[in-house]
Amino acid sequence: MSPETSARTAQEMEFSVKKFDLLEELLLTQGVVERKTTIPILSNLLCEAKGNSLTITATDLELSIRTSCEAKVKKEGAGTIPAKKLLELVRLLPDEEIRFKLLENHYVQITCDRKSYKMVGMSKDNFPALPDFPHALVKIPVRLLASVIAKTTFAISLEESRYTLNGALLVVKPTSLTMVATDGHRLAMVETDHKFDGLPTETRVLIPKKAMNEVQRLAAESGDDAVVEFGQDESHLFFQFGGRLLTCRKLTGQFPNYEAVLPRDVNKTVTIERSELQDALRRVSQLADQRSHAVKFMLAKEGLEISASSPEYGEAKEAIEKEYKGDPIAIGFNAQYLLDFLAAAADGPISFELKDEQSAGQLRPLGDESTRYRYVVMPMRI
């Protein structure tokens with residue numbers, strides 16, 4: 001094929017697609033598209049028309065999504081279109097069929113009804129090549145994966161220097177699934193029994209936080225009984241939700257030995273309803289120091305007292321009558337860390353377990369039998 005012919009065929013992409021179908025897929029790509037990139041092509045979507053479908057790909061080099069929808073393809077081909085502008089335009093168009101045609105110099109013509117637009121595209125050859133999905137290691141129920149992410153993702157470290165803590169550890173065994181996240185001040189761990197057919201040994205991977213957010217988004221778009229096919233190669237993780245594929249770079253490095261952190265001999269326990277503890281903490285923490293969010297817990301035979309004070313705002317104190325038989329204890333915690341956990345925990349009683357003023361506290365929801373959910377928080381000086 002001569003260069004002239006290949007240049008000509010490269011320009012021949014023409015298809016039409018229903019607005020709603022396109023909009024649904026475009027919305028799923030937005031979390032991946034790079035906003036402030038120094039590489040212009042990463043602000044674009046790769047659109048490939050073939051057979052009777054349109055495939056849309058977005059990447060920021062760390063994370064990629066490939067998704068597709070039904071289309072009437074007049075001429076097969078591929079081109080790139082600015083992601084943000086395309087989404088904004090499609091949102092504003094009427095609920096009609098939208099026609100796309102690739103023109104000279106990578107321009108893309110978009111017509112709908114009697115409205116016509118031309119967008120400045122870029123050469124598809126500049127778009128990064130993405131790895132292909134290898135065979136699936138295991139099929140995980142979408143609801144199960146979404147649930148363990150929701151219970152742990154808030155504990156991931158946001159400090160970029162702590163590279164291995166910028167994600168969560170996923171451990172899949174033939175009969176169970178565990179996810180752990182920590183930022184060094186707190187640790188969230190959830191363990192659930194599930195039989196995984198065809199998985200011979202344990203698999204351990206570190207999933208970056210941004211990838212977990214996108215898995216949550218794709219899970220929300222999947223049916224209740226859907227499964228996600230999970231796979232990996234040497235440097236990538238793959239999550240296949242039906243016709244949608246999320247790929248991310250693996251985090252490398254050693255995740256901390258989380259089992260060593262789990263409190264062993266806690267001997268002071270109080271059980272309190274999640275909503276009761278959450279409401280009291282929300283109120284008391286209003287008057288806590290806004291930098292440290294420190295609140296004080298006092299356990300005595302009368303029950304639990306939660307207090308906070310700061311020079312700027314004043315002081316707060318709430319007493320909750322609860323049965324408590326252990327020795328009295330006064331211990332400080334970051335209120336925000338506790339509220340993060342309470343927002344993710346199931347309704348019902350929470351077991352609050354302590355050893356002494358210097359040791360980590362542990363919270364466990366007792367109402368959720370299906371998951372062994374533990375949250376460990378380091379104490380603060382008060």
Side-chain angles (χ1 to χ4, degrees), residues 1-37 39-60 63-130 214 217-218 220-223 241-246:
M1 191 187 281
S2 69
E4 291 82 10
T5 322
S6 72
R8 208 161 50 241
T9 51
Q11 298 305 324
E12 291 184 348
M13 172 177 77
E14 198 174 336
F15 65 90
S16 63
V17 63
K18 289 186 181 132
K19 174 192 166 167
F20 180 78
D21 294 350
L22 178 60
L23 186 57
E24 194 175 15
E25 305 310 320
L26 288 179
L27 286 165
L28 288 173
T29 63
Q30 295 302 303
V32 175
V33 174
E34 265 301 309
R35 292 280 183 272
K36 303 183 280 286
T37 179
I39 308 169
I41 193 73
L42 300 184
S43 305
N44 284 25
L45 298 173
L46 176 66
C47 298
E48 299 169 282
K50 195 174 181 185
N52 58 358
S53 73
L54 168 70
T55 301
I56 302 167
T57 307
T59 183
D60 66 0
L63 189 64
S64 312
I65 185 167
R66 185 179 286 147
T67 178
S68 59
C69 65
E70 210 174 294
K72 291 178 191 158
V73 179
K74 200 169 169 185
K75 290 178 184 166
E76 294 191 348
T80 79
I81 308 176
K84 203 162 173 0
K85 281 297 171 203
L86 180 62
L87 173 68
E88 284 168 3
L89 178 62
V90 170
R91 260 200 182 120
L92 298 169
L93 287 174
D95 290 338
E96 306 280 340
E97 198 150 49
I98 306 172
R99 290 187 300 284
F100 288 78
K101 186 176 183 180
L102 190 60
L103 307 174
E104 292 295 314
N105 296 328
H106 316 299
Y107 274 80
V108 180
Q109 184 175 38
I110 302 167
T111 51
C112 178
D113 205 10
R114 291 199 306 257
K115 303 160 182 60
S116 179
Y117 315 87
K118 276 185 194 170
M119 277 195 184
V120 180
M122 296 176 77
S123 168
K124 71 178 193 308
D125 301 335
N126 294 339
F127 200 85
L130 300 181
E214 294 309 313
R217 197 187 295 223
L218 290 167
E221 295 290 319
S222 304
F241 294 79
R244 296 163 176 156
L245 174 65
L246 186 76

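To the nearest 0.5 Å, atoms CG (D113) and CG (D95) are separated by 11.5 Å. Expressed to the nearest 0.5 Å, how far CG of L102 lies from NZ of K124 amounts to 8.5 Å. Once rounded to the nearest 0.5 Å, the distance linking CG of N126 with CG of L46 reads 11.0 Å. Between the CG atom of L26 and the CG atom of L86 there is a distance of 5.0 Å, given to the nearest 0.5 Å. K101 contributes atom NZ, which lies 10.5 Å from atom NZ of K118 (distance to the nearest 0.5 angstrom). We find the CG-CD1 distance between D21 and I98 to be 10.0 Å, quoted to the nearest 0.5 Å.
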For this session: Give the intermediate values and the outcome of side chain to side chain contact (heavy atoms under 4.5 Å, CB included) for residues K84 and V33.
Result: CA-CA 8 Å; K84 203 162 173 0; V33 174; over 6 Å; no

Exercise. Can L93 and Y117 be said to form a side chain to side chain contact (heavy atoms under 4.5 Å, CB included), step by step?
Worked result: CA-CA 11 Å; L93 287 174; Y117 315 87; 3.6 Å; yes

Exercise. Hey, mind stepping through K19 and V90 against side chain to side chain contact (heavy atoms under 4.5 Å, CB included) and telling me if it holds?
Worked result: CA-CA 7 Å; K19 174 192 166 167; V90 170; 4.1 Å; yes

Problem set entry | side chain to side chain contact (heavy atoms under 4.5 Å, CB included) between T59 and L42, intermediate numbers included | CA-CA 6 Å; T59 183; L42 300 184; 3.9 Å; yes

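You'll find the side chain of E24 stays beyond 4.5 Å of the side chain of C69, heavy atoms only. T55 has its side chain within reach of R66: a pair of non-hydrogen atoms, C-beta onward, lies under 4.5 Å apart. L22 has its side chain within reach of I56: a pair of non-hydrogen atoms, C-beta onward, lies under 4.5 Å apart. Proximity of C47 to L54: side-chain heavy atoms (C-beta onward) are separated by under 4.5 Å at one or more points. Put simply, the side chain of C112 reaches to within 4.5 Å of the side chain of P94, judged on heavy atoms. Inter-residue side-chain proximity for L89 and M119 is flagged as met; some heavy-atom pair is nearer than 4.5 Å. Side-chain contact between F100 and I81: present, with at least one pair of heavy atoms (C-beta onward) separated by less than 4.5 Å.
The two residues V108 and T80 have their closest heavy-atom pair at CG2-O, 4.2 Å. Listed here is the closest heavy atom pair of A49 and K75: CB-O, 4.4 Å. For A58 against F127, the heavy-atom pair with the smallest separation is CA-CZ, 4.3 Å. When all heavy atoms of V32 and S64 are compared, the closest pair comes out as CG1-CA, 4.0 Å. The two residues G77 and M13 make their nearest non-hydrogen contact at O-SD, 3.5 Å. Taking every heavy atom of both residues into account, L28 and E214 meet most closely at O-OE1, 4.0 Å.
A salt bridge between E14 and R99 is absent, with no side-chain N of the basic residue lying under 4.0 Å from a carboxylate O of the acidic one. Salt bridge absent: E88 and R91 never bring a charged side-chain N and a carboxylate O closer than 4.0 Å.
T67 places no side-chain N or O within donor-acceptor distance of the main-chain N or O of E25, the cut-off being under 3.5 Å. A donor-acceptor contact shorter than 3.5 Å links the side chain of E76 to the backbone of G51.
The number of heavy atoms from other shown groups lying within 6.0 Å of CD (E96) is above 12.
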